[in-house]
There are 2 protein chains.
Amino acid sequence: METERRRRATVKDVALEAGVSRGTVSRVLNGQPYVSEDARAAIEAAIARVGFVPNRAARSLVMQSSQAIGLIVHEPHSLFVEDPNIASILLGANSALSEADYQLSCLIADTPRDVDRLARYLSGGLIDGVIIVSARVGDPITRAVVELGLPAAFVGNPRDIGDAAHVAIDNRGSAREITKRLAGTGRRRVGMVAAALDRDSGADRLAGFVDALGGDFDPQLVERVPFYSFSDGKAGMKRLLDRVPDIDGVFASSDAVAAGAIEALREAGRRIPDDVGIVGFDDSSWALRCDPPLSTVHQPADQLGSAAARAVLAQLDGQTFTAPILLESPIVWRESA
Amino acid sequence: METERRRRATVKDVALEAGVSRGTVSRVLNGQPYVSEDARAAIEAAIARVGFVPNRAARSLVMQSSQAIGLIVHEPHSLFVEDPNIASILLGANSALSEADYQLSCLIADTPRDVDRLARYLSGGLIDGVIIVSARVGDPITRAVVELGLPAAFVGNPRDIGDAAHVAIDNRGSAREITKRLAGTGRRRVGMVAAALDRDSGADRLAGFVDALGGDFDPQLVERVPFYSFSDGKAGMKRLLDRVPDIDGVFASSDAVAAGAIEALREAGRRIPDDVGIVGFDDSSWALRCDPPLSTVHQPADQLGSAAARAVLAQLDGQTFTAPILLESPIVWRESA
DNA sequence: CTGAAAGCGCTAACAG
DNA sequence: CTGTTAGCGCTTTCAG
């Protein structure tokens, strides 16, 4: 069944078919005024008849814009699969862009090779702006974007982006609050499984934890792990338990980490929240899946996405500076502490 | 800090700078032979000096190809967030395309408006081919793609795609096998929480279940729910339990559904696997998170993605027909049954 | 209101 | 080996 890929109709074909010039066709295509009703009708009919669909590459070339914006996810494999926040951010961004009739294209940077290709792709003019999720300090993609002067908005608070637009939550403040609240349930030895310290969010959550404990802070009580993942949470909690057997409270960097920690705690025979209270961060679907349900910090992931999208749109619209946007991240108290 | 977006350098600038013609520049850009070493060196230096990056819109226009392929996810909100398979498919596709130096662009179709915009976008020539995840029967995107004759590969087995390329697992056969095995543990009343019957995978899993039970099949024992989700699993299991209190085995359409069902079962005071055995489908991260760990069918999600990507690449390469690809989906037996 | 013509940045013949 | 010349399909002056 050789689906013969016939040549696609162009403005020229439409013009011919409608008996007008290409200029006029272009005018109706772009909804411009000063086209007679007759011409408009003839052209619209012709478009339908020949099955014309504008070629975006051509349009992008002349307009120097593509009506598409990219969302770059730069995460290790595992996290991308496990982190429900990313999908929510994506959906939030998509719906905001959709309203403005922009196409969202999600681009993933998995290997160094991907990073290179992506940097070229971004410079290619097929993307008008980008939303960058989980940038890391010194990230080559970030660098490429700022060098290009491509309109961009970051989700999170990377340290090296100057005054580029970004939307975030107050990780440090929220971490401080929830730690205080955890301590307030009468815990004496509260520790932390601290993940992703190479990321602003991870570092800030640890800082907030330290803030909260103030003078009571004991470095022994924090266990560092690389990723916001279930398995790292479990492994980290095990080590923490070995080192500090009398621990009675733990703040996990994320809900996934908390879920892993809970498993380790349970395997060690600790009851939650009786023996040890635990709190997480994100209020992702992990939180409700935990047993008991997790007390955590609500992260408005979809709003992060839509706010970032709007920030990019504003720049496309000529806005030259976007003040950092900070979204509310309330504590959700459930039964794990 | 007005980042003046200076005019980007073009081949012309490079040619001028290197003292050659644009044709020659183009030749080195595309790695073609018949360029003197001198010219090549001069051009490469010039490229670096003026910071030239080729404009993809222009190249796409003349080449009629963009080196980008789209992966369309057409899922309701909730599922996209909850389903780890999608992310794995995405990653698998990305790595296969990456090897061929193609850019993967993930496009999401959430609202009807998205669907329209997407159909236009696909026709625009900025995408050379598509991988379609979870198409539904009569899907307008599917229709647009086949009408366009755009190289495509489906993940799954939609019914109305003619002989379009697709890669899938044998949902029906695997469902049959795991149901038999569940029944083989001595269960007398085995039911099913059957999700997503509007999708080929959902319908096939139910068919496999019916196959396995043969004469013993009792329609009372299947409870239908709309989505492959935790919450639908829980709700469905509750109803099933009300209707058939003596149920002692259940096959859930997916791991997420199984996880929800387990919660319902537990709330009803049933022990697993003692009182009721339960099995799922997907072998996603849900499976290990369940307590006890879930027996399930392993779905090689990343391989589905990479195989689909290769199928699209083959078509781009001129291949005119791709036989359906069926991947292995072995049973993974754990402790939930 | 509309046609003609120029040109976006790049590649691809075709002569040299 | 290399320069010249046409376009790819679309928008946009600029004259009518």
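So that the names make sense, note that chain A is the first sequence line, chain B the second, and so on, each numbered from 1.
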With heavy-atom distances below 4.5 Å as the criterion, would you say the side chains of A:Asp317 and A:Gln319 are in contact?
no

B:Pro54 near the nucleic acid: base, sugar-phosphate alone, or nothing, with a heavy-atom cut-off under 4.0 Å?
sugar-phosphate

Closest to the 5' end of DNA chain C, once B:Arg27 and B:Ala57 are matched to their nearest nucleotides, is B:Ala57

Rounded to whole angstrom units, what separation is found between the OH atom of B:Tyr34 and the P atom of C:dC14?
16 Å

Any donor-acceptor pair under 3.5 Å from B:Asp128 side chain to B:Gln67 backbone:
yes

In whole angstroms, the gap separating P of C:dC8 from CG of B:Leu61 amounts to 13 Å

Salt bridge (Lys or Arg N to Asp or Glu O under 4.0 Å) filter on B:Asp110, not counting sequence neighbours, yields none

With a 4.0 Å cut-off on heavy atoms, is B:Ser36 in touch with a base, just the backbone sugar-phosphate, or nothing at all?
sugar-phosphate

When you check the phosphate oxygens OP1 and OP2 of C:dT11, does a side-chain N or O of B:Gln64 lie under 4.0 Å from one of them?
no

Taken to the nearest whole Å, CD1/A:Ile47 to C1'/D:dC10 is 13 Å

NZ of B:Lys12 versus P of D:dT5: gap in Å, rounded?
13 Å

Is A:Val25 touching bases, backbone alone, or none of the nucleic acid, heavy atoms closer than 4.0 Å?
nothing

Distance check: side-chain N/O of B:Thr10 vs OP1/OP2 of C:dC8, anything under 4.0 Å?
no

Any A:Asn55 side-chain N or O less than 4.0 Å from OP1/OP2 of D:dC8:
no

Counting distance only, does the side-chain N/O of A:Asp13 pair as donor-acceptor with the main-chain N or O of A:Thr10 below 3.5 Å?
yes

Mind calculating the distance between CZ (B:Arg59) and C1' (D:dC10) to the nearest angstrom?
20 Å

Distance test, side-chain N/O of A:Gln32 to OP1/OP2 of C:dC1, below 4.0 Å:
no

Please pick, from D:dG3, D:dC8, C:dG3, the nucleotide with the shortest atom-to-atom distance to any side-chain atom of B:Thr24.
D:dG3

Distance check needed: D:dT4 P versus B:Arg22 CZ, whole Å only.
10 Å

What is the distance from CZ of A:Arg40 to C1' of C:dC1, rounded to the nearest Å?
11 Å

Do NZ/NE/NH1/NH2 and the carboxylate oxygens of B:Asp114 and B:Arg117 come within less than 4.0 Å?
yes

To the nearest Å, give me how far apart CD (A:Glu37) and C1' (C:dT2) are.
15 Å

